[in-house]
Amino acid sequence: MTAARAGAKSRRPEAGVWPFVRGSTRVVGIIGDPVEHSLSPLMHNAAFAALGLDWVYVPFPVRAGALPAAVRGLAALGVVGANVTVPHKEAVGRYVDELSPLAKRVGAVNTIVCRSGRLYGDNTDVYGVRQALRRVKLRGATAVVVGAGGAARAVLVALEALGVRRVLLVNRTLERARVLRRKFSSGGFHVEVRDFSALVEARYLKEVRLVVNTTSLGLHGEPFPAVAFELTPRECVAFDLIYGRWTDFLRRARAADRKTIDGSEMLLHQGAEAFRLWTGRRAPLEVMRSALAGVETAR
Ligand code: NAP
């Protein structure tokens, strides 16, 4: 045996060490810009290891101009599927072969499945939101949604499915919120556009059962505008889509003694549903939850 071959052998990963990438390994990943901060590789690779699946989940940093080539490249490379994150969720639908009814309804794709060279765009964020809010009684309720980006779209579709009757949609850019009002308001689901001042007015807050932050405010520790949680009913819940950190938005809710939910349950469940779409297997939820909790505790 040559020295080079002996060296190569000694660098081989130990049996049982994951991921063990070899010729047969199936690949999934995440397309976004940036993707360095994503916890999805950790969560999915922990799930593959727990089920002994010969799969690996990798990050794909993709600039906007490279999106069409990157998406078509998934099929060419035999990649089984991908998650899609900021800033591509709304644009990526143009480059897949088919959209699920839910992805069409939301107007955003966060999961691509490649089957026989064809690309299917789906949305599992709606499922993630529904699961995160599964213990909150929302039938007939009024909710406040702050933000009008891609994540707000998934939240609005989920809230309608959960039986919310009225949403006060608050956004810095009002025209962006008006686009969502036109798209999502329907017979029994009223979306009304308001500016940030509504977050401190009793006439709006006194009947609110849920306040959701779908903006990126707080992602880097920024302060959140004033929200008078003390004017909401005692059972009002604050839900922040940001995960892995204690945001100013949640801090304000906690100070008023309101229940809080952070974005990690949504992240977990949207990931579990994507896992099921790719592998056909039920995701090992507790393994994935522990993988996320390990990072969050370490932050
Ligand atoms: P996006 O499409 O870029 O929308 C960003 C939103 O934040 C817009 O409403 C924007 O308002 C608002 N915003 C940004 N900076 C602001 C500022 N300085 N002041 C006031 N408003 C500001 O992003 P997205 O895809 O909706 O994602 C939003 C957040 O949700 C991100 O933090 C993301 O990490 C999180 N998220 C979490 C999960 C999960 O699984 N937990 C899933 C999806 C997204 P304008 O319209 O005025 O610009």
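These figures come from a predicted structure and were not determined experimentally.
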Whether the Arg258 and Thr232 side chains hold a donor-acceptor pair (N or O, under 3.5 Å, no angle test) is what I'd like checked.
yes
Answer with yes or no whether the side chains of Thr111 and Asp122 bring together a donor and an acceptor at under 3.5 Å.
no
To the nearest 0.5 Å, how far apart are CG in Asp33 and CZ in Phe60?
14.5 Å
Classify the ring geometry between His44 and Phe275 as parallel (under 30°), tilted (30 to 60°) or perpendicular (over 60°).
parallel
Measure from the side-chain N and O atoms of Ser185 to the backbone N and O of Arg182, and report whether any donor-acceptor pair falls under 3.5 Å.
no
Look only at the side chain of Asp97 and the backbone of Arg118, and say whether a donor-acceptor pair between them is shorter than 3.5 Å.
no
Min side-chain heavy-atom separation Val191-Val145 under 4.5 Å
no
Leu162-Tyr127 co-clustered via ILVMFWY side chain contacts under 4.5 Å:
no
Assess whether side-chain contact (heavy atoms from CB on, under 4.5 Å) is satisfied between Arg26 and Thr279, documenting all intermediate values.
CA-CA 10 Å; Arg26 312 195 73 187; Thr279 64; over 6 Å; no
Taking C-beta and beyond as the side chain, do Trp278 and Val113 meet within less than 4.5 Å on heavy atoms?
yes
Counterpart residues, side-chain contact (heavy atoms from CB on, under 4.5 Å), relative to Ala66 (two or more places apart):
Val62
Determine which pairs satisfy ring pair (Phe, Tyr, Trp, His ring centres under 6.0 Å) with at least one residue from residues 160-197, sequence neighbours left out, and list them in order.
none
For the atom pair CG (Asn110) and OG1 (Thr124), what is the distance rounded to the nearest 0.5 Å?
3.5 Å
Under a 3.5 Å distance rule, please check whether Thr214 uses its side chain to pair with a backbone N or O of Val146 as donor and acceptor.
yes
Check this for me: does any side-chain nitrogen of one of Lys89 and Asp125 sit under 4.0 Å from a carboxylate oxygen of the other?
yes
Nearest heavy-atom contact between Gly117 and Ala75 is O-CB, 3.7 Å
Is there a ring pair (Phe, Tyr, Trp, His ring centres under 6.0 Å) between Phe229 and Phe249? Walk through the geometry before answering.
CA-CA 10 Å; Phe229 278 107; Phe249 172 78; 5.7 Å; yes
Can you list the other members of the hydrophobic cluster that holds Val193, where links are side-chain heavy atoms under 4.5 angstrom apart?
Leu174
Arg289 side chain reached by His269 side chain, heavy atoms, under 4.5 Å
yes
Closest heavy-atom contact between Pro59 and Val35?
CB-CG2, 4.0 Å
Would you say Asn123's side chain and Val126's backbone share a donor-acceptor pair under 3.5 angstrom?
yes
Is the side chain of Thr173 donor-acceptor paired with the backbone N or O of Arg176 at a distance under 3.5 Å, no angle test?
no
Please report the closest heavy-atom contact between Thr247 and Gly218, naming both atoms and the distance.
CG2-O, 4.1 Å
One should read off an interatomic distance between Asp262 CG and Asn213 CG, to the nearest 0.5 angstrom, of 11.5 Å
Do the non-hydrogen side-chain atoms of Pro225 and Leu217 ever get within less than 4.5 Å of each other?
yes
Run the side-chain contact (heavy atoms from CB on, under 4.5 Å) test on Lys206 and Leu231 for me, step by step, so that the C-alpha distance in whole Å, both residues' side-chain angles and the decisive distance to 0.1 Å come before the verdict.
CA-CA 6 Å; Lys206 65 179 192 240; Leu231 299 178; over 6 Å; no
Closer than 3.5 angstrom, by distance alone: can the side chain of Arg251 be matched with the main-chain N or O of Trp246 as a donor-acceptor pair?
yes
Side chain to side chain, Asp240 and Thr260, heavy atoms closer than 4.5 Å:
no
So which heavy atom on Ala103 is nearest to which on Gly121, and how close?
CB-O, 3.6 Å
Taking all non-hydrogen atoms of both residues into account, name the closest pair between Leu119 and Cys114 and its distance.
CD2-SG, 3.2 Å
Where is the tightest heavy-atom contact between Leu292 and Ser264, given as atom of each residue plus distance?
CD1-O, 4.1 Å
Where the side chain of Asn45 meets the backbone of Tyr57, is there a donor-acceptor pair that is under 3.5 Å apart?
yes
In the hydrophobic clustering (ILVMFWY, side-chain contacts below 4.5 Å, transitive), which residues join Ile242, or is it alone?
Leu219
In the single-linkage hydrophobic clustering (I, L, V, M, F, W, Y; side-chain heavy atoms under 4.5 Å), do Leu133 and Val208 co-cluster?
no
Take Val86 and Ser216, measure what side-chain contact (heavy atoms from CB on, under 4.5 Å) needs, and give me the verdict at the end.
CA-CA 11 Å; Val86 178; Ser216 44; over 6 Å; no
To the nearest 0.5 Å, what is the distance between OG1 on Thr215 and CG on Leu241?
9.5 Å
Any side-chain donor near an acceptor of the partner, Arg194 and Tyr204, under 3.5 Å:
yes
Can you hop from Met43 to Met266 via hydrophobic side chains spaced under 4.5 Å?
no
Are Ser38 and Thr85 packed together at the side-chain level, in the sense that at least one heavy-atom pair is separated by less than 4.5 angstrom?
no
Would a 4.5 Å heavy-atom cut-off, applied to side chains only, mark Thr142 and Val167 as touching?
no
Carefully, step by step, assess Ile112 and Val84 under the rule side-chain contact (heavy atoms from CB on, under 4.5 Å).
CA-CA 8 Å; Ile112 297 173; Val84 182; 3.9 Å; yes
Walk me through it: do Asp257 and Arg234 pass the test salt bridge (Lys or Arg N to Asp or Glu O under 4.0 Å)?
CA-CA 8 Å; Asp257 211 14; Arg234 297 286 308 167; 3.1 Å; yes
According to a hydrophobic-cluster definition based on side-chain heavy atoms being under 4.5 Å apart (Ile, Leu, Val, Met, Phe, Trp, Tyr only), do Val212 and Leu268 belong together?
no
Taken to the nearest 0.5 Å, the spacing of Leu42 CG from Met288 CE works out to 10.0 Å
Does atom CD (Glu207) have a neighbourhood of more than 12 heavy atoms from anything else shown, all under 6.0 Å?
no
Joint hydrophobic cluster, Val109 plus Val79, side-chain heavy atoms closer than 4.5 Å
yes
Checking the side chain of Arg181 only, and the main-chain atoms of Leu169 only, is there a donor and an acceptor separated by less than 3.5 Å?
no
Pairing residues for Arg135 by the side-chain hydrogen bond (donor to acceptor under 3.5 Å, both in side chains) criterion, not counting sequence neighbours:
none
When rounded to the nearest 0.5 angstrom, what is the spacing between CG in Leu285 and CD in Gln131?
8.5 Å
Could you note down all residue pairs passing side-chain hydrogen bond (donor to acceptor under 3.5 Å, both in side chains) where residues 153-171 supplies at least one of them, sequence neighbours left out?
Arg105-Glu160, Glu160-Ser186, Arg166-Glu192
What's the verdict on salt bridge (Lys or Arg N to Asp or Glu O under 4.0 Å) for Arg134 and Glu265, showing C-alpha distance, side-chain angles and the deciding distance?
CA-CA 10 Å; Arg134 65 193 179 282; Glu265 276 294 294; 3.4 Å; yes
Is any side-chain heavy atom of Asp54 less than 4.5 Å from a side-chain heavy atom of Ser24?
yes
